[in-house]
Structure formats: structure tokens, C-alpha cells
Amino acid sequence: MGHPASCPELAEAALGRAAGQVDRQTEALLLVMCARAYGAAGQSVRAARALLAAEDAVADTRDEVPAYSAASGPVAATVASHMGKTLAAMKDHTAAERHYRQALAGRAPGTYQRGHGLTMANLGRSAAGQHRHEEAVRDGRRPWTSWAAWSPTATGRR
């Protein structure tokens with residue numbers, strides 16, 4: 001929360017405590033959190049290594065994923081979204097866009113509306129980071145127009 005210098009240490013501690021205690025998909029979530037912490041702290045090489053490790057871990061689907069790991073949606077989609085956020089923080093908007101699109105594809109339409117909307121907004125930011133401003137405005141606005149259609153309180157209906 002505004003103090004990225006201490007984040008890598010906290011993320012590493014969580015990953016260390018979970019070592020050998022959680023399934024590989026849950027480990028992927030912890031690895032991508034480490035990557036985000038490294039990226040926020042300007043440690044790009046460590047962030048890249050953690051992203052690669054998260055990618056390997058999320059591909060291992062042998063074990064059942066506990067409910068707490070899938071609370072925000074399919075783990076692969078959540079990891080892809082956080083990979084996009086890490087890459088965006090590292091100013092690699094092209095790679096971030098690829099991961100945001102992967103996250104969107106990993107969620108069934110109509111489910112996890114909040115995550116879908118936030119990912120669409122992040123996709124718009126990635127397009128803007130690549131100087132594709134018209135597309136950025138279109139993609140960034142789309143989640144809020146669909147939110148208004150979905151949410152009775154957004155339009156004053158109850």
C-alpha cells in the first residue's frame with residue numbers, strides 16, 4: 001500500500017511458508033504475487049523469473065484446486081491477469097495485453113463480472129501504452145457500459 005520496497009520480502013515469506021504445503025496452481029498465485037512485488041520494487045529480472053515460474057506452475061493441473069485459490073475465478077485467468085499487471089508495471093504493454101486477453105478468454109462470459117470489467121479496463125490501458133488510443137477508449141469504456149446494464153443500482157433501478 002504505497003510502500004513497494006517491503007513487498008518482495010512479504011511475498012517471498014508467503015511463498016516460503018506455502019512451499020510443499022499447497023498445490024501448484026495455488027503456488028502459481030503466490031509466484032505471480034512475488035512477480036508483482038518485484039515489478040513494483042523495480043526488480044525486473046526477479047519479476048521475470050517469478051513470472052516464468054508462475055507460468056510453469058499454473059500449467060500443472062494434476063492436483064485439485066482448493067476453493068480459496070479459485071475464489072476470484074479460474075486460477076489460470078487470475079494468474080494471467082496479474083501477469084498482465086506485472087508486465088504493465090514494467091512498461092511491456094504488448095506482453096501485458098497478451099496476458100489480459102488470455103485472462104478474458106479464461107473466464108466464462110457472464111461470470112466474475114468485476115474481474116472481467118477490471119481486466120477490460122487494464123486492456124484499454126495497455127492499448128493506450130502502445131499509442132492505440134481509439135482502441136484504448138473503446139476497450140476501457142466497455143466494462144462500465146456493461147456494468148451499467150448489469151447493475152440495477154448503476155442506473156437508479158432497484
Side-chain angles (χ1 to χ4, degrees), residues 1-130 136 139-140 142-144 146-147 150-151:
M1 299 292 203
H3 301 282
S6 60
C7 290
E9 185 179 334
L10 291 170
E12 288 169 353
L15 185 61
R17 290 189 73 159
Q21 306 294 316
V22 297
D23 63 289
R24 292 282 284 156
Q25 299 250 325
T26 302
E27 183 181 2
L29 290 168
L30 294 169
L31 283 162
V32 83
M33 289 301 112
C34 277
R36 287 195 65 190
Y38 295 141
Q43 300 174 20
S44 297
V45 173
R46 294 179 86 185
R49 283 191 199 125
L51 287 175
L52 291 172
E55 219 166 41
D56 286 344
V58 80
D60 187 344
T61 58
R62 290 176 289 180
D63 296 328
E64 186 174 336
V65 178
Y68 61 82
S69 293
S72 62
V75 174
T78 302
V79 168
S81 179
H82 285 290
M83 289 177 130
K85 291 175 184 178
T86 304
L87 291 161
M90 296 166 60
K91 307 292 186 224
D92 187 346
H93 299 292
T94 304
E97 177 182 5
R98 185 174 63 250
H99 286 284
Y100 289 140
R101 290 190 187 283
Q102 184 180 353
L104 290 171
R107 291 187 185 105
T111 62
Y112 304 100
Q113 290 292 325
R114 179 182 172 277
H116 184 81
L118 293 172
T119 302
M120 287 296 296
N122 288 330
L123 184 60
R125 284 189 200 97
S126 288
Q130 297 171 68
D139 287 346
R142 191 176 305 150
W144 312 122
S146 61
W147 174 262
W150 176 78
S151 172

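Numbers here simply count residues along the sequence, with the first being 1.
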The side-chain hydrogen bond (donor to acceptor under 3.5 Å, both in side chains) partners of His82 (sequence neighbours excluded) come to Arg36
Heavy atoms of Gly84 and Ala96 approach each other most closely as O-CB, 3.3 Å
Rounded to the nearest 0.5 angstrom, the CD-SG distance for Glu9 and Cys34 is 11.5 Å
(request) Side-chain contact test, heavy atoms from C-beta onward, threshold under 4.5 Å: evaluate it for Glu27 versus Leu15 and give yes or no. (result) yes
Tightest non-hydrogen contact, residues Gln43 and Pro8, listed as NE2-CG, 4.1 Å
Practice item. Measure the shortest side-chain to side-chain distance between Ser81 and Arg107 over non-hydrogen atoms and say whether it is less than 4.5 angstrom. Key: yes
Residue pairs meeting salt bridge (charged side-chain N to carboxylate O under 4.0 Å, His left out), one or both in residues 56-84, sequence neighbours left out, come to Arg24-Asp60, Asp60-Arg62
Sorted by chain and number, sequence neighbours left out, side-chain hydrogen bond (donor to acceptor under 3.5 Å, both in side chains) with Thr78 holds for Ser72
Scanning both residues in full, the closest heavy-atom pair of Gly39 with Met90 reads CA-CG, 4.4 Å
| query | If we only count heavy atoms from C-beta on, is the Leu51 to Leu31 side-chain gap below 4.5 Å? | reply | no
### Task
Taking the side chain as every heavy atom from C-beta outward, state whether Tyr38 and Cys7 have any pair of such atoms under 4.5 Å apart.
no
For Thr26, the side-chain hydrogen bond (donor to acceptor under 3.5 Å, both in side chains) test, sequence neighbours excluded, returns Asp23, Ser69
Inspect the surroundings of CD in Gln130 and state if more than 12 heavy atoms from other residues, nucleotides or ligands are less than 6.0 Å away.
-> yes
OG1 (Thr119) and OH (Tyr112) are apart, to the nearest 0.5 Å, by 13.0 Å
Residue pairs passing the salt bridge (charged side-chain N to carboxylate O under 4.0 Å, His left out) test with at least one member in residues 11-22, sequence neighbours excluded, are Glu12-Arg46
Original post:
Given the rule in the side-chain contact (heavy atoms from CB on, under 4.5 Å) test, do Met83 and Glu55 qualify, once you have shown the distances and angles that lead to the verdict?
Top reply: CA-CA 9 Å; Met83 289 177 130; Glu55 219 166 41; 3.8 Å; yes
Looking only at heavy atoms, the pair that brings Val58 and Ala76 closest together is CG2-CA, 3.6 Å
Contacts satisfying salt bridge (charged side-chain N to carboxylate O under 4.0 Å, His left out) that involve residues 73-100 (not counting sequence neighbours) are Glu97-Arg101, Glu97-Arg132
